[in-house]
Amino acid sequence: MTFRSPIFRKLLASAMLLIGVTLLALDFYLTRFTEQREEETVRRELEVETRILAGEINEVAPDKFEEWAHRAEGRAGTRVTVIDPSGVVLADSQHDPETMENHAHRPEILESKSKGVGSSIRHSKTLDQDLCYLAMAISYRDQPGYTLRLAVPLRNVQSAVSAVRERILFASLVAALLALTIAYWFSNSLS
C-alpha cells in the first residue's frame with residue numbers, strides 16, 4: 001500500500017507543507033495589497049471632494065457653517081468638519097461642534113498644516129468607529145489656517161477587502177486541491 005511507504009509520506013508531507021505556506025503567504029500579501037489600494041482610492045476620492053467643497057466655503061457666512069456642513073455631507077456622502085486656525089471645530093455634519101474637543105493636534109490636521117493635505121486612518125472617539133480622514137488647509141475669506149476635513153467609515157474598505165479575501169480563499173482551495181492531487185501522483189510514482 002502506498003501510504004505505508006516512508007518515501008511517499010515524506011514527499012507528500014513536504015509538498016503539503018510547501019503548498020500551505022505558499023498559499024498563506026500569497027493570501028496575506030494579496031489581502032494587504034488590496035487593503036492598501038482601497039484605502040488609497042478612498043483618500044483620492046476624499047481629496048477630490050475636499051477640493052470641490054473648499055471652493056464653496058468662502059461664500060458661507062460664519063454663522064451658517066453648520067447648515068453648510070450638513071448640506072455638503074448630503075452631496076459628498078462624507079462627514080464634513082470645518083476647523084479654525086486654533087483647532088476649534090466650527091461645524092461638523094455628524095456631531096455638535098460645541099461638545100467636540102480641540103482638533104489642533106490630530107494627525108491629519110498637523111499634516112495638512114505642514115503639507116497642505118493630510119490624511120489618517122484612526123478610531124473616532126466622537127462617533128466610536130474607525131474612519132479614514134482627509135484634511136486640507138484652506139483660507140477662509142483671505143485668512144489662512146483654516147482646515148476642511150472629510151471622513152468616511154472604513155466599513156466600505158473592510159467590505160471590499162472581505163470580498164477579495166473570499167475570492168482569494170476560494171482560489172487558494174482550488175489551487176491547493178489541484179497541487180495536492182499532483183503531489184499525490186508525483187509522490188506515488190516516485191515511491
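The model shown is predicted, which means the values in this text are computed figures rather than measured ones.
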K.L.:
Do the side chain of E111 and the main chain of S119 share a donor and acceptor less than 3.5 angstrom apart?
P.N.:
yes
K.L.:
Any salt bridge between R79 and D92, counting N to O under 4.0 Å?
P.N.:
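Counted as a salt bridge, because a side-chain N and a carboxylate O are separated by less than 4.0 Å.
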K.L.:
Decide side-chain contact (heavy atoms from CB on, under 4.5 Å) for R165 and L30; before the verdict, give the C-alpha distance in whole Å, the side-chain angles of both, and the deciding distance to 0.1 Å.
P.N.:
CA-CA 8 Å; R165 185 176 283 138; L30 288 175; over 6 Å; no
K.L.:
So, does S93 use its side chain to make a donor-acceptor pair with the main chain of V80 at under 3.5 Å?
P.N.:
yes
K.L.:
For a quick test of reading the model, state the closest non-hydrogen atom pair linking P85 to P144 and the distance between them.
P.N.:
CG-O, 3.8 Å
K.L.:
Write down the atom of L53, the atom of A72, and the distance for their closest heavy-atom approach.
P.N.:
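In this case the closest contact between L53 and A72 is CD2-CB, 3.8 Å.
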K.L.:
I'd like to know if R37 pairs up with E40 as an ion pair, taking the criterion as any Lys NZ or Arg NE/NH1/NH2 lying under 4.0 Å from an Asp or Glu carboxylate oxygen.
P.N.:
no
K.L.:
Is any side-chain heavy atom of L90 less than 4.5 Å from a side-chain heavy atom of Y146?
P.N.:
yes
K.L.:
Can you check whether Q129 reaches L131 side chain to side chain, under 4.5 Å on heavy atoms?
P.N.:
yes
K.L.:
A side-chain contact here means heavy atoms from C-beta on lying under 4.5 Å apart; do R167 and F170 qualify?
P.N.:
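With C-beta onward as the side chain, the pair stays apart.
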K.L.:
Donor-acceptor pair, distance only, cut-off 3.5 Å: does the side chain of D130 make one with the backbone of L154?
P.N.:
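Not confirmed, D130 side chain does not pair with L154 backbone.
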K.L.:
Do you know which two heavy atoms are closest between L148 and A54, and how far apart they sit?
P.N.:
CD2-N, 3.6 Å
K.L.:
Between R149 and E108, does at least one N-O distance fall below 4.0 Å, as a salt bridge requires?
P.N.:
yes
K.L.:
Using only atom types and a distance under 3.5 Å, with no angle test, would you say the side chain of Y140 pairs donor to acceptor with the backbone of V60?
P.N.:
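Present.
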K.L.:
Check whether any side-chain heavy atom of I83 sits under 4.5 Å from a side-chain heavy atom of I109, and report yes or no.
P.N.:
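The answer is yes, as the side chains (C-beta and beyond) meet within the 4.5 Å cut-off.
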K.L.:
Can you find a pair of side-chain heavy atoms, one from I52 and one from V48, that are under 4.5 Å apart?
P.N.:
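A side-chain contact exists here, since the closest heavy-atom pair is under 4.5 Å.
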K.L.:
Hey, does L134 have a side-chain heavy atom less than 4.5 Å from the side chain of V117?
P.N.:
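SC-SC contact between V117 and L134 confirmed.
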K.L.:
Quick one, S172 with D27, criterion side-chain hydrogen bond (donor to acceptor under 3.5 Å, both in side chains). Give me CA distance, side-chain angles, the key distance, then yes/no.
P.N.:
CA-CA 8 Å; S172 295; D27 178 54; 5.5 Å; no
K.L.:
How about H103 and M100: do any of their side-chain heavy atoms sit closer than 4.5 Å?
P.N.:
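Sidechains of M100 and H103: in contact.
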K.L.:
Check whether any side-chain heavy atom of Y133 lies under 4.5 Å from a side-chain heavy atom of S124, and answer yes or no.
P.N.:
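Yes, close enough: below the 4.5 Å cut-off.
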K.L.:
If every non-hydrogen atom of E66 is compared with every non-hydrogen atom of A91, which pair is closest and at what distance?
P.N.:
OE1-CA, 3.2 Å
K.L.:
Quick one: do R43 and C132 satisfy side-chain contact (heavy atoms from CB on, under 4.5 Å)? Show the steps, please.
P.N.:
CA-CA 7 Å; R43 282 188 187 103; C132 178; 4.0 Å; yes
K.L.:
Of all the heavy-atom pairs spanning T99 and D96, show the shortest one and how long it is.
P.N.:
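Minimum heavy-atom contact is OG1-O, 2.9 Å.
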K.L.:
Flag the pair E47 and R44 as a salt bridge only when some basic side-chain nitrogen lies within less than 4.0 angstrom of an acidic carboxylate oxygen.
P.N.:
no
K.L.:
Could you go through E73 and T78, starting from their C-alpha distance and side-chain angles, then the distance that decides it, and tell me whether this counts as side-chain contact (heavy atoms from CB on, under 4.5 Å)?
P.N.:
CA-CA 5 Å; E73 177 183 22; T78 64; 5.8 Å; no
K.L.:
Test of understanding: clusters of I, L, V, M, F, W, Y form through side-chain heavy atoms closer than 4.5 Å, transitively. Do L110 and I138 belong to the same one?
P.N.:
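No; I138 is not reachable from L110 via cluster members.
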K.L.:
Charged N to carboxylate O below 4.0 Å: is that the case for E56 and R75?
P.N.:
yes
K.L.:
Could you report the tightest heavy-atom contact between S112 and A137, atom names first, then the distance?
P.N.:
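Scanning both residues completely, I find the closest heavy atoms to be O-CB, 3.5 Å.
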K.L.:
Taking NZ, NE, NH1 and NH2 as the nitrogens, is one of them in E101 or R106 under 4.0 Å from a carboxylate oxygen of the other?
P.N.:
yes
K.L.:
Starting from the C-alpha separation in whole Å, work towards a yes-or-no answer on side-chain contact (heavy atoms from CB on, under 4.5 Å) for V82 and I57.
P.N.:
CA-CA 9 Å; V82 179; I57 203 159; 3.8 Å; yes
